[in-house]
Amino acid sequence: MTAANPVTTAREDGILVARIANPPVNALSAAVRAGLLAAAREAAADASVKALVLAAEGRTFIAGADITEFGKPPVPPSLPEVIDALEALDKPVVAAINGAALGGGLEVALGCHARIAAPGAKLGLPEVKLGILPGAGGTQRLPRLIGAAAAARLASEGEPVDAAKAAQLGIVDAVAEGDLLAAAKAKALALVGTAPRRASALTDKLTPATREEFEQAAAAIAKKAGDNPSVAAILDCVRLTFDTPFAQGMAAEREAFKRLVADDRSKAMRHLFFAERESSRIPGQPKGTTARPVAKAAVIGAGTMGGGIAMCFANAGIPVTVIETSEEGLQRGLERVGQTYDISVKRGSLKPEERERRMGRITGKVGLEAAADADIVIEAAFEEMGVKKDIFGTLDRVAKPGAVLATNTSYLNVDEIAAATSRPGDVLGMHFFSPANVMKLLEVVRAEKTSPDALATAVEIGRKLAKVPVTVGVCFGFVGNRMLSKRTAEVERLLLEGASPSDIDAALAAFGFRMGACAMGDLAGLDIGWRIRKATGKKAPVADALCEAGRLGQKTGAGYYRYEKGDRTPHPDPAVTAIIEKLAAERGITRRAIPQQELIERLVFPMINEGARILEEGVAYRPGDIDVIWLYGYNWPAQNGGPMFYAGLAGLPHIVERLDRFAEQTGDESLRPAALLRRLAAEGRSFADLKESDVAALSAGA
Ligand code: TC6
């Protein structure tokens with residue numbers, strides 16, 4: 001099995017077994033496609049072969065098309081051609097699905113005449129998450145096999161189903177508990193002499209009743225998806241199964257695939273796919289660095305954050321001690337955790353017995369001594385340096401040797417916290433995002449003296465907690481909040497210059513954010529920023545005035561907006577307009593109507609500029625890391641790929657020109673383009689062109 005020959009064939013019991021071995025995930029590279037086509041031809045040509053079984057080596061069956069080939073000139077044979085050849089065989093063709101059969105991988109299986117899955121297999125059409133649609137017959141064969149409504153749901157949501165669900169839906173013929181290959185071979189032999197069941201030729205699911213069911217499902221899917229060209233194309237193609245012959249549906253699917261794959265939207269989503277995978281790699285780790293074993297955790301602080309972090313451990317099956325300073329605070333925190341689980345049970349997403357198991361993994365204790373047996377301790381106490389130093393000083397005494405000591409601070413200096421201990425090599429930041437049990441981002445903050453294995457432990461634990469861990473360096477606010485602070489500053493300025501909170505949120509919604517900055521501030525609580533500003537001597541006239549007026553956000557029924565009791569809908573509030581107008585008048589600002597495009601640029605470009613500075617300083621290792629941070633920490637719209645990728649779409653020269661203009665308009669020289677941004681713009685390059693080594697060279701020279 002060489003890279004050039006990733007599909008090998010063997011005759012076993014009168015069956016041709018074709019084995020795919022293209023590590024790491026058996027993606028359908030040109031060589032795999034050619035190998036599969038050759039196997040189909042070999043099976044057809046050899047009269048002694050009674051059937052063909054497709055099997056795969058490794059953990060996956062086939063993870064889909066090779067995404068790295070998208071956007072490059074196509075190399076024959078095409079995947080639809082390969083699948084047609086498999087399906088057209090007059091001998092039984094059976095897929096033995098050992099692991100993930102995703103995208104093109106599932107489409108290959110759909111071209112087979114029967115499918116047998118291992119219990120742990122996952123099957124799905126995730127193309128929508130890459131801004132495309134299934135382009136090798138998925139929209140045409142799956143509806144004919146399982147019904148159009150179910151197929152449309154699978155393809156438009158992009159979430160895989162497990163083997164049992166796949167069997168229930170009719171995607172697979174059986175789930176094999178024991179020897180998968182033996183079961184697939186037995187199925188193949190049982191089919192010898194019967195008419196091949198080709199998904200492309202099935203018609204029994206295409207009835208007026210199923211059409212009506214599909215149209216209802218399609219209306220709901222389209223409404224939920226909003227303006228999503230992939231979903232629209234999926235629905236259009238699936239609908240064709242009722243109206244047109246298979247070949248015509250395939251042609252339409254191909255056209256839609258070509259159009260979507262060439263679009264910036266898909267490029268951005270593919271960028272994020274690879275950036276996410278790259279972001280968990282820590283540069284500069286000595287060879288052979290391994291993570292320390294973690295069997296037990298402790299979380300200091302039973303507030304919203306601490307409780308959420310404890311839930312992450314409990315959900316991942318790791319026992320965790322939650323530590324508070326008082327019995328009362330502890331009970332309040334544990335009750336809140338219980339209530340959060342109760343909501344999931346009520347919604348049906350968590351079984352009552354699983355809730356009990358998870359709660360059973362959380363123990364509450366008063367006093368830091370309870371951290372003594374933990375392999376990792378995460379401090380989530382007050383955001384005050386004095387408090388943190390006290391805690392880490394005590395932890396230094398009580399924690400066992402080799403325990404990783406992490407702070408969940410969102411902006412304090414981790415080097416200073418580490419210096420409160422005699423073991424700074426064990427100390428780092430693990431910055432969770434609120435709500436910690438939901439948000440996927442974890443900023444792992446590497447302090448000056450953090451040891452490689454402590455860092456590796458934090459990243460590995462992050463993955464076990466189902467987070468996306470991105471390693472960053474020490475600076476005020478780290479990557480995410482440091483960039484956010486630039487947007488927050490613009491919100492303040494724009495409000496004074498003439499925008500309303502609704503204007504700002506509408507601009508961010510038009511850009512693709514699910515929630516605007518003002519509504520988000522109200523949800524999180526405006527007092528958080530107020531407290532930080534007071535501690536750091538910073539000012540934000542509008543936000544400060546709102547807080548002084550007792551408008552702390554949703555929890556007080558008023559913030560940037562006003563809220564009805566028991567309702568989270570934001571309503572514009574003339575009282576806020578009055579506050580802003582007064583502040584603007586005091587500062588001699590003549591308010592004006594600001595066009596939406598200007599609002600977007602004022603809110604987004606300063607963040608990109610700060611991202612450039614972060615790269616110059618080496619606080620982030622790669623532009624893609626910043627994009628992943630914004631995707632998973634702040635719900636940046638995936639379709640434009642994160643702030644640094646988006647910069648390339650907006651055009652770096654345009655951003656430079658606008659930032660210079662904003663600096664002149666506002667008199668704020670900090671809005672001037674960063675040197676890196678100016679240089680890339682002048683060279684006609686974008687951030688996506690920067691490699692990890694380029695970024696390392698930048699900070700080395702800084
Ligand atoms: C499609 O099929 C369209 C068809 C129509 C054609 C006409 N291609 O995620 P991991 C790499 S669209 C290339 O860490 P896991 C990945 O970058 C495709 N490379 O592993 C990483 O590389 P690194 C539809 C791929 O065990 C390595 O493999 N399919 C591909 O956590 C390991 O990946 C999908 O969208 C690929 N398709 O999860 C499925 N897939 O080591 C995409 C992975 O250099 N894949 N790589 O960083 C997945 O969801 C997951 O990889 C997984 C395995 C669940 C298969």
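Start at 1 and go down the list; that is how both ligands and their atoms are numbered. All heavy atoms count here, side chains included; hydrogens, waters and symmetry mates do not.
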Counting only heavy atoms closer than 4.0 Å, does ligand 1 sit against the backbone of [X], its side chain, both, or neither?
| X | answer |
| --- | --- |
| Pro126 | side chain |
| Glu69 | neither |
| Val25 | side chain |
| Pro24 | side chain |
| Leu28 | neither |

Looking only at heavy atoms, which two atoms of [X] and [Y] are closest? And how far apart?
| X | Y | value |
| --- | --- | --- |
| Leu28 | Ile62 | CG-CG2, 3.5 Å |
| Leu206 | Leu202 | CD1-O, 4.2 Å |
| Val93 | Cys112 | O-CB, 3.5 Å |
| Ser279 | Val628 | OG-CG1, 4.0 Å |

Name the closest protein heavy atom to [atom], giving the residue it belongs to and the distance to 0.1 Å.
| atom | value |
| --- | --- |
| atom 8 (N) of ligand 1 | Ile67 N, 2.9 Å |
| atom 5 (C) of ligand 1 | Gly135 N, 3.6 Å |
| atom 29 (N) of ligand 1 | Ala63 O, 2.8 Å |
| atom 7 (C) of ligand 1 | Arg254 NH1, 3.5 Å |
| atom 49 (O) of ligand 1 | Leu102 CD1, 3.9 Å |
| atom 19 (N) of ligand 1 | Phe274 CE2, 4.1 Å |
| atom 4 (C) of ligand 1 | Ala65 CB, 3.6 Å |
| atom 13 (C) of ligand 1 | Asp66 OD1, 3.3 Å |

Can you check [atom]: any protein non-hydrogen atom closer than 4.0 Å?
| atom | answer |
| --- | --- |
| atom 41 (O) of ligand 1 | no |
| atom 35 (O) of ligand 1 | yes |
| atom 38 (O) of ligand 1 | no |
| atom 23 (P) of ligand 1 | no |
| atom 52 (C) of ligand 1 | no |
| atom 26 (O) of ligand 1 | yes |

Show the atoms of ligand 1 that are less than 4.0 angstrom away from any heavy atom in [X].
| X | answer |
| --- | --- |
| Gly103 | 2 (O), 24 (C) |
| Gly64 | 2 (O) |
| Glu127 | 1 (C), 2 (O), 3 (C), 12 (S) |
| Leu130 | 12 (S), 18 (C), 35 (O) |

Worksheet item: Can you find a pair of side-chain heavy atoms, one from Leu615 and one from Ile626, that are under 4.5 Å apart?
Response: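 Leu615 vs Ile626: side chains touch.
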
Return yes if a side-chain donor-acceptor contact under 3.5 Å exists between [X] and [Y], otherwise no.
| X | Y | answer |
| --- | --- | --- |
| His431 | Asn408 | no |
| Asn228 | Arg265 | yes |
| Ser280 | Arg463 | yes |
| Arg33 | Ser29 | no |
| Thr9 | Glu42 | yes |

- [ ] Give the C-alpha distance, both sets of side-chain angles, the deciding distance and a yes or no for salt bridge (Lys or Arg N to Asp or Glu O under 4.0 Å) between Glu87 and Arg198.
- [x] CA-CA 6 Å; Glu87 195 188 43; Arg198 299 188 174 104; 5.6 Å; no

Practice problem: Ignoring angles and geometry beyond distance, decide whether Leu79 reaches within less than 3.5 Å of ligand 1 through its nitrogen or oxygen atoms. | Solution: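 There is no such contact.
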
Checking heavy-atom distances from atom 14 (O) of ligand 1 to each of Arg33, Arg59, Arg277, Met269, the winner is Arg277

Are Phe433 and Tyr632 near enough that their ring centres are under 6.0 Å apart?
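No - the distance between ring centres of Phe433 and Tyr632 does not fall below the 6.0 Å cut-off.
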
Counting the benzene-type ring for Trp, do Phe687 and Tyr646 have ring centres under 6.0 Å apart?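 Centroid separation for Phe687 and Tyr646: 6.0 Å or greater.
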
*Does even one non-hydrogen atom of Arg281 get within less than 4.0 Å of ligand 1?*
no

(message) Closer than 3.5 angstrom, by distance alone: can the side chain of Asp689 be matched with the main-chain N or O of Arg685 as a donor-acceptor pair?
(response) no

| query | What class does the angle between the rings of Phe511 and Phe513 fall in, given that below 30° is parallel, 30 to 60° is tilted and above 60° is perpendicular? | reply |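 Phe511 and Phe513: parallel rings.
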
